[in-house]
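Predicted model, so just to flag it, every value in this text is computed and none were measured.
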Amino acid sequence: MASIGQIVNPTPGSDALSRARQRAALVPDCLVEAKRIANTVIAGWHGRRKRGIGENFWQFRPYSEGESLSRIDWRRSARDDHTYVREREWEAAHTIWLWCDMSPSMMYKSSYGNVSKESRALVIMLALAEILARSGERIGCPGIMEPASARNAAERLASALMHTPLTGGLPETAMIRGWSDLVLIGDFLDDAPAIMERLGPLARRGLRGHVVEISDPAEEIFPYSGRTEFTDPESGTKLVSGRAEHIREAYRNAYLARRDSLGQSLRHLGWTFASHRTDHLASEALVAVHMYLSGMPAKATHGGQL
């Protein structure tokens, strides 16, 4: 039987950034379709709009007796017989930490997927950095880049990744303070209890977490048949199955049970969980995370997956 999957070389940072920008350009159209996000902008782009201290114009409203005369917009008031006050939109930068797993298992790509898991994870992370930076958020990457509010955050993150590549496993989080958001992107193939042992303390410290599981279609549907040799990309251990189709059902049940267990455990912590396959558009995952950061439930597609 012909090979279905392979381990690909790491994606160059510059190429990943280019693809991230292309994906980021698709997000506004995706948000138009979602529609619900339009009314949730406050702190950067993921809150609720209201008046307050900021530079951006929000609305004109009638002047109320007793207010300071300095707040009156005389140009607008001169248009008719009413006196108006110019209000600005409340703005406050929020710290969001972005991280994606670069374990050897992330380098996998089958003939059923559009790109490798590693490539898709980088695109999603850099696209998020691009979108968040445009809204004035503070973007950081644990162990890679300190949080900073800059329009070129995606470029800075890509440059930092080229000089300090992400390693496998979950990131070190000692530098992360409470009341931040942490977006974790990876395949999360470890046992759910082991993952939760690392993530549980973060939730108790006050972090809001958003986990995006990246999977290749072949990992889920298990299209193998006949004599098949499987290789563990982490350890190099090999397993030969004489008739792979005979273990398909047991494998799929175990694979989906691991996903369900992880998702339920994360939701119990108050975190969010989304599953994204590499044969779907990256923009679907971006919209889901956008809505999660907005405090809104993401629209489920393809049986609850993204």
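Without hydrogens or angle criteria, Thr173 side chain to Ile176 main chain gives no donor-acceptor distance under 3.5 Å. Listed for the Glu137 side chain is no donor-acceptor partner under 3.5 Å among the backbone atoms of Leu132. A distance-only check finds no donor-acceptor pair linking the side chain of Asp191 to the backbone of Pro193 [under 3.5 Å]. With hydrogens and angles disregarded, no donor-acceptor distance shorter than 3.5 Å links the side chain of Ser261 to the backbone of Ala257.
Relative orientation of the Tyr255 and Tyr251 rings is parallel, given thresholds of 30° and 60° on the angle between their planes. The aromatic rings of Tyr224 and Phe230 stand perpendicular to each other, their planes meeting at an angle above 60°, with 30° marking the opposite boundary.
Transitive grouping of hydrophobic side chains (ILVMFWY, heavy atoms separated by less than 4.5 Å) brings Val85 and Trp74 into a common cluster.
Put simply, the side chain of Ser215 does not reach to within 4.5 Å of the side chain of Asp187, judged on heavy atoms. Residues Ser275 and Arg259 form a side-chain contact, since some pair of their non-hydrogen atoms from C-beta on lies under 4.5 Å apart. In this structure, the side chains of Val211 and Trp271 come closer than 4.5 Å at one or more pairs of heavy atoms. Contact of the Arg248 side chain with the Ser225 side chain is registered, since non-hydrogen atoms from C-beta on lie closer than 4.5 Å.
Rounded to the nearest 0.5 Å, atoms CG (Leu239) and OG1 (Thr228) are 9.5 Å apart. Note that the CH2 atom of Trp99 and the CG atom of Leu182 stand 9.0 Å from one another [nearest 0.5 Å].
Counting heavy-atom neighbours within 6.0 Å of Arg198 CZ, excluding the residue itself, gives a total above 12. Shown here is Glu197, whose CD atom has no more than 12 heavy atoms of other residues, nucleotides or ligands within 6.0 Å. At most 12 heavy atoms of other shown residues, nucleotides or ligands fall within 6.0 angstrom of atom CZ in Arg156.
Salt-bridge formation is detected for the pair Asp181/Arg208: a Lys NZ or Arg NE/NH1/NH2 atom is positioned less than 4.0 Å from an Asp or Glu carboxylate oxygen. Ionic pairing of Lys109 and Glu118 is not present here: no N-O contact between side-chain nitrogen and carboxylate oxygen is shorter than 4.0 angstrom. We find that Glu213 and Lys117 are not joined by a salt bridge, their nearest charged nitrogen and carboxylate oxygen being 4.0 Å or further apart. Ion pair Glu219/Arg277 not flagged as a salt bridge, since none of the NZ, NE, NH1 or NH2 atoms sits closer than 4.0 Å to an Asp/Glu carboxylate oxygen.
A cation-pi arrangement is absent between Arg252 and Phe222 under the rule of less than 6.0 angstrom and at most 45 degrees off the ring axis.
Counted by atom type alone, His276 and Arg120 present one or more donor-acceptor pairs between their side chains at under 3.5 Å. One side chain, Ser110 or Asp216, offers a donor N or O that lies under 3.5 Å from an acceptor on the other.
When Cys100, Pro171, Pro142 are each tested for a side chain to side chain contact (heavy atoms under 4.5 Å, CB included) with Leu184, only one passes: Pro171.
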